[in-house]
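What follows is a short report on a single structure.
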Amino acid sequence: MILKTRQVTLIVILLFAWLHNCYSQTAMINFAGRDRIMLNGNWQVIIDPVGAGDGKQVWLEKKLEAKTDFAEYSFDGGPILKVPGDFNSQLCELSFYEGIVWYKKQFQQIKKQGKRYFLYFGAVNYSADVFLNGIKLGTHEGGFTSFQFEVTRLLKDGVNTVIVRTDNHRIKNGLPALGFDWFNYGGITRDVALIQTEESFIKDYFIHLKKGSLDTVCGWIKLDGNVDKAEIKLTIPEINFSSRLETNNEGYAEFVFKAGLELWSPKNPKRYQVLIENGKEKLIDTIGFRCIEVKGADVLLNGRKIFLKAINIHEENPLKKRRCINENDARLLLSAAKELGCNMVRLVHYPHNESTIKMAENMGIMVWSELPVYQHIDFTDNTVPLKMNRMLEEMISRDKNRCGIIVWSLSNETYPSASNRDKVLVELTKKCKSLDSTRLIVHVTNSQNYRHNSFEVRDTLYKHSDLVAINEYAGWYIPWQGKPSDTKWKTLFPDKPVFISEFGGEALYGSKYGQADEAAYWREEYQEKIYKDQVDMFNTIPHLAGVCPWILFDYKSPSRLHPVYQKGYNRKGLLSEKGNKKKAWYIIKAFYNKK
Ligand code: GCU
């Protein structure tokens, strides 16, 4: 049987698609420095509350030919949503929606000879199935990290159609899993673009100070494509450094050299322009150099002891009541943190937008980046460690050249009683060290005992954590057990720096209900008292290396149900969702001023 060319092409495309119907690739780094066409803007959507679109194969956009043909779906005539942007804040019928939304975007492209093409996503919450011209490219799971698909062969000259099935259903073996105390914003929440590269291109690199050194730069560069023994050029013009490197046959080259650099620090957020050249390709990045380490019970930045004056931040624009999507959103959050006197921000509980990380670095604010391994994780499900590893790889891959990031946080408030927890998280810690051993690696818990005015810290995870990072809500979830300034501390980890990663209590800005000294009325005075007491208690903590109030702004959390005081908001902010300063703000500002 002789197959017609059309049949052969179709079989090749289907074979190709089957082969590629796998998981997305880790995105190439330095998205901002790439040759790209942004696919942001208006996207047509189909809201699919019962998942009917799968059966109808909406990605095929059935062509109606015969008079008897009809389709029970269409992107034409349906709602339009903005990308990047969560879908919940854009359409009131989607306010609390957790489910499937199909997105469609068409774009023109003329393919150039010898070029490769990648479809890049900054983030899609929670899972994304991506189709190009009716062919499935693959899937990505996890709402806060970037990913890509190579589409060189599938891309057409002319009009191309991307369809994305987004789904923010909570899943038991998800990261996070079923329960979490923030708003589950869904959809295509960060940039989308078509990236064009050379046949062989600079896929990845890591350029940093050698661990524990203040004057030795080291790292590696990795090419993708026909890369055998290629020559790369690395240049840092400002220090007159330039070096030619030859890759091995996997396109990989390492380097190490001495350099007299001005080191990055909150007081002097110095960064250097770095150029990497690979034939015609030139990639530019702006990189700072600093050394962060723990020595005994101290945290040292560039060899000097530092106190981490931090604040927790969720990736939400409180004024616009939506996921942050751009630099203005980042500036709103970071400038408030700066005004509070912070030298660090803990970005919770998931990797935030790349522009936030870059802006923090530029503003001289250190960053704590965290994986959504949050509370009720199902450590017995054998897909969970795989998902964790991938998310970790994606988080570190994107941000490893951001010197502002000093901490990789791998888990928050997981339960010591959860079976398999330690085994899985210890493996994850090892993996993290293998990917990047130049930063602090931390696990956060709240499993300490607090009674008889004494804290007992003993979570086994701290063995694998560079900091003893404790979430404690003395004065709110648990009343003070005695005079805060007389608090006693028993710890199994006496030689590690202690970091109070969360503390605080709720207040409704301007609440005049009930009595100021009663928790039930969400009074600012009550929250203020908690902060005064916490500051008193801080003096009792051995090796305290930093603190981090929960949280900068009141933020949306559907589990906060009180109709008067909460209205779907976690009200532990030092600022209301309108940016009003609560009384407790001034307690921390004064504390940080003194530090
Ligand atoms: C926890 C948790 C936060 C949560 C906070 C709270 O410690 O880590 O995500 O929002 O407590 O209860 O307000």
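As the structure lists them, so they are numbered: ligands from 1, and atoms in each ligand from 1.
- Judged as a side-chain contact (heavy atoms from CB on, under 4.5 Å), and not counting sequence neighbours, the contacts of Ile188 are Trp43, Val83, Tyr103, Val124, Val164, Thr166, Val192.
- Near ligand 1, residues Asp181, His349, Tyr374, Asn412, Glu413, Asn471, Tyr473, Tyr477, Glu502, Trp550, Tyr555, Arg560, Asn570, Lys572 come within 4.0 angstrom through at least one heavy atom.
- Ring-centre distance between Phe147 and Tyr120: not below the 6.0 Å cut-off.
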Considering only distance and modelled atom types, tabulate donor-acceptor pairs under 3.5 Å from the side chains of residues 538-553, sequence neighbours left out.
unit_1, atom_1, unit_2, atom_2, d
Thr540, OG1, Trp489, NE1, 2.9
Thr540, OG1, Met537, O, 2.6
His543, NE2, Pro494, O, 3.1

Could you give the side-chain donor-acceptor pairs of residues 336-351 under 3.5 Å, partners two or more places apart or in another chain?
unit_1, atom_1, unit_2, atom_2, d
Lys338, NZ, Met363, O, 2.4
Glu339, OE2, Lys581, NZ, 2.9
Asn343, OD1, Lys309, N, 2.8
Asn343, ND2, Phe307, O, 2.8
Arg346, NE, Glu370, OE1, 3.1
Arg346, NH1, Asn312, OD1, 3.1
Arg346, NH1, Ser501, O, 3.3
Arg346, NH1, Glu502, OE2, 3.0
Arg346, NH2, Glu370, OE1, 3.0
Arg346, NH2, Glu370, OE2, 3.1
Arg346, NH2, Asn412, OD1, 2.9
His349, ND1, Glu370, OE2, 2.8
Tyr350, OH, His314, ND1, 2.8
Tyr350, OH, Glu315, N, 3.1
Tyr350, OH, Arg323, NH1, 3.2
Tyr350, OH, Val348, O, 3.4

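- In this structure, Lys582 fails the cation-pi test against Tyr509, since its NZ or CZ atom is not both closer than 6.0 Å to the six-membered ring centre and inside 45 degrees of the ring normal.
- Annotation: Tyr586 is not in aromatic contact with Tyr531 [ring centroid separation under 6.0 Å not met].
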